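Structure record follows, encoded as structure tokens.
If you're wondering where the values come from, they're calculated on a predicted model, not measured in any experiment. Lettering follows sequence order; numbering is per chain, from 1.
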Amino acid sequence: MKSLIKDIIINAADFAFKNGLLPSDFKPDMDIEAPRHANHGDFSTNFAMVSASVQKMAPRKIAEVIVSAIDVKKIDILEKIEIAGPGFINFFLAPTAWYPFIKMIHDDGENFGRSDIGSNKKVQVEFVSANPTGPLHIGHGRGAAVGDAVGNILAFSGFDVQKEYYINDSGRQIRTLGLSVWLRLSQLLGNQIDFPDDCYQGDYIIDIAKEINSKMGDLIAQKSEAEAVDICAKYAADKILQEIKDDLVGFGVEFDRWFSEQSLYDSGKVQDAINTFQDKGVIYQKDGALWFSTESFGDEKDRVVVRNNGLTTYFASDIAYHKDKFDRGFDRVIDVWGADHHGYINRINAAIEASGRKKEQFSVILVQLVNLLRGGQPVAMSTRSGEFVTLKEIVDEVGKDAARFIFLSRSYESGLDFDLEVAKQQTAENPVYYVQYVHARISGIVAKASEAGIISDQAKLSLAAKSQNSLELLKEAEELNLIKLLASFPEVVQKSAAALHPHFIFTYLTSLASAFHGYYNHYKVITEDEDLTISRLCLVSSVKQVIKNGLTLLGVSAPERM
RNA sequence: GCGCCUGUAGCUCAGCUGGAUAGAGCAACGGACUUCUAAUCCGUAGGUCGCACGUUCGAGUCGUGCCAGGCGCGCCA
């Protein structure tokens, strides 16, 4: 639609130039947008203002010339054109311009909104990637919802998307996990122990120790401490990782690949990356350690990759991991991190540039922290003491759909208050029901129409939409407004993909839901007039489809009944 | 001290690459169910967009400097 408007403007400008009404045939980089206020038309352009300096004419004068060069009567999608404000040219479209979208939605179905702006480029979205040392909490939940939705939106926009989880199954935290479990096991067997502060404090460690004791207590007893700790570490990490996987499935998140940090060491890729960077001269030796000169790539200071005790830092495997991502053929790599990790962006950027990739190929989505509340009061959360509400508990209490929708309701650049009581409420305060209710309501209407024999099934409805015979009966302002909103969905998806902002979809869905609920309360879909009934059924079933498409991108279900 | 994020209605937040009269929900007040689901709708009220300069036809949006809050600045992960 916008490109049609643009063609009209360009043609008018050409015409005006050829007839000597404009001194220059220069075409500025104009905007064509849907104005905020309906009385500013369906589309508006700033052509006249941005041309003013080149044309050396007043903006309103230019606008007059352009408008005079457009024959509204000859263009059937146009109703009228107005000049307003400092020189905006406002286009008012005829209702007939909008009806084809109903047909398009019925034709495209679940693919309405899909685009190919991604040109099938390979994109990897890595998210959650929590250490397998404890259960997922609410912060991981927000990251999971964001990463999953971003992946869905990019895939819907024509990118070839892979969702990946990076398992930190190597290094100190895993040894600490093993030690924590082993100490608890030892405690179970009646030994006096000193449980260190830097060990994992949660009760789940004791549960795992109990499980190991009953399953293989005898075996462990025969091992040396070092071996026993190793066994505990392996057992606990496997067990916790499995629970993480289960919890994510329960949250509706499925990964295409689970990537092990340890595998980078086993395959020699960490050492390869270090060697490569040494050859390039970006890794050097100092004070018995190996340093990566990240400062020359814009970081605050250089960073250690191999400590003077010979052990690599986590940064060494991160370098290898990100190098490997691109070696696997991804054009673009997106990491979803908690905001508390923002200090690492520069050094990963350095690693990416040193690997010969462009900075633009890598983006980090920083997800701000979540405050968990219950009835307005903060819920005490401390990983250190092991006292925290897990993601599973939240999903069990409020449901997957409510949790995901709330996580995606705000920009991830803002902190989020997540109130368990609000998330459980089935009121307008809880936006998920507000939107899902649209889908359920329309399902009810279509079912009733079907029972009444007005329209027997979805297929016939699609047929009616395609014929467009009676769609012109949809002439109420609310109906045209709904169609315009539906027509804008593809653009919303594309903007969401370009900005990597899933909450655009949320905002869109709530405004579409609001428009529908208002319409529903004013007009009956099923009336005595069969033609009108059929055209309204076409309209509301389009709304239903778009609501479902949007919810699907966010990983939220669209129920037939509530 | 340095870096990142945030600051918009009483509260929680939208505001897309700079556009016209800054929006929504909640809370408050007044209305609408013998009706396709009231998990809904309609109406009223609510603002120096943290502050100050600057960029330009035009700034909530961009730049600089302050102020306030959150987070981060390890040969930890």
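Remark: B/C4 base-pairs with B/G70; criterion is Watson-Crick or G-U wobble with both hydrogen-bond distances under 3.5 Å. Remark: B/C53 base-pairs with B/G63; criterion is Watson-Crick or G-U wobble with both hydrogen-bond distances under 3.5 Å.
Using a cut-off of 4.0 Å between Lys/Arg side-chain N and Asp/Glu carboxylate O, A/Lys301 and A/Glu295 are scored as not salt-bridged. Under a 4.0 Å N-O distance rule, the pair A/Glu491/A/Lys2 qualifies as a salt bridge. A/Lys548 has no carboxylate O lying under 4.0 Å from a charged side-chain N of A/Glu560, or vice versa, which leaves the two without a salt bridge. Under 4.0 Å is where a charged nitrogen must lie from a carboxylate oxygen, and between A/Asp238 and A/Lys234 at least one such pair does. With respect to A/Asp318 and A/Arg303, no salt bridge is recorded, no charged nitrogen being found less than 4.0 Å from a carboxylate O.
Of the candidate nucleotides B/A39, B/U40, B/C57, B/A39 has the atom lying nearest to any side-chain atom of A/Met562. Of the candidates B/C5, B/C41, B/C57, the closest approach to any side-chain atom of A/His522 belongs to B/C41. Looking at the side chain of A/Asn521, the nearest of the listed nucleotides B/C41, B/C57, B/A39 is B/C41. For A/Arg410, the listed nucleotide lying nearest its side chain is B/C13; candidates were B/C75, B/A39, B/C13. Closest to the side chain of A/Tyr520, from the set B/G15, B/C75, B/A38, is B/A38. Relative to the side chain of A/Glu300, the nucleotides B/C13, B/C4, B/C73 differ in distance, and B/C73 lies closest. Checked against B/G15, B/A39, B/A20, the side chain of A/Tyr433 finds its nearest nucleotide in B/A39. Taking the side chain of A/His37 as heavy atoms from C-beta on, and the options B/G3, B/U21, B/A14, the nearest nucleotide is B/U21. Here the nucleotide nearest the side chain of A/Ala84, chosen from B/C71, B/A20, B/C76, is B/A20. For A/Arg441, whose side chain is taken as the heavy atoms from C-beta onward, the closest listed nucleotide among B/C75, B/U40, B/C36 is B/U40.
Rounded to the nearest Å, the gap between the P atom of B/U61 and that of B/A20 is 13 Å. Distance noted for atom C1' between B/U35 and B/U40: 13 Å (whole Å). Distance check on atom P: B/C66 versus B/G3 gives 10 Å, rounded to whole Å. Across B/U55 and B/C11, the matching C1' atoms stand 36 Å from one another, rounded to whole Å. Comparing the P positions of B/U44 and B/G7 gives an interatomic distance of 29 Å, to the nearest angstrom. Going from the P atom of B/G46 to that of B/C57 covers 36 Å, rounded to whole Å. Using C1' as the reference atom, B/G10 and B/U17 are 34 Å apart when rounded to the nearest Å. Comparing the C1' positions of B/A59 and B/U8 gives a spacing of 14 Å, expressed to the nearest Å.
The side chain of A/Lys424 places no N or O atom within less than 4.0 Å of a non-bridging phosphate oxygen (OP1 or OP2) of B/A39. In this model, the phosphate group of B/C41 is approached by a side-chain N or O of A/Tyr434 to a distance below 4.0 Å at OP1 or OP2. Within the structure, every side-chain polar atom (N or O) of A/Ser443 is placed at least 4.0 Å from both OP1 and OP2 of B/C36. Taking only side-chain nitrogens and oxygens, A/Arg36 never comes nearer than 4.0 Å to OP1 or OP2 of B/G15. Residue A/His342 places none of its side-chain N or O atoms closer than 4.0 Å to OP1 or OP2 of B/C73.
Each of A/Thr312 and A/His501 was assigned the nucleotide of RNA chain B with the nearest heavy atom; the assignment lying further toward the 5' end belongs to A/His501. Between A/Asn308 and A/Glu33, the residue anchored closer to the 5' end of RNA chain B is A/Glu33, taking for each the nucleotide with the nearest heavy atom.
Applying the 6.0 Å contact sphere to NZ of A/Lys424 captures more than 12 heavy atoms from other residues, nucleotides or ligands.
One interatomic measurement links the two molecules: CG of A/Asn371 to P of B/C11, which rounds to 16 Å at whole-angstrom precision. In this structure, A/Ile153 atom CD1 and B/C16 atom P are separated by 17 Å, rounded to whole Å.
Under the 30°/60° scheme for interplanar angles, the aromatic rings of A/Phe516 and A/Tyr520 are found to be tilted.
You'll find a donor-acceptor pair under 3.5 Å spanning the side chain of A/Lys495 and the base of B/C16, going by distance alone. With hydrogens and angles ignored, no donor-acceptor pair under 3.5 angstrom links the side chain of A/Ser409 to the base of B/A14. In the interface, the side chain of A/Asn39 is not paired with the base of B/A20 through any donor and acceptor atom under 3.5 Å apart.
By the stacking rule of 5.5 Å between ring centres and under 30° between planes, A/Phe88 stacks on the base of B/A20.
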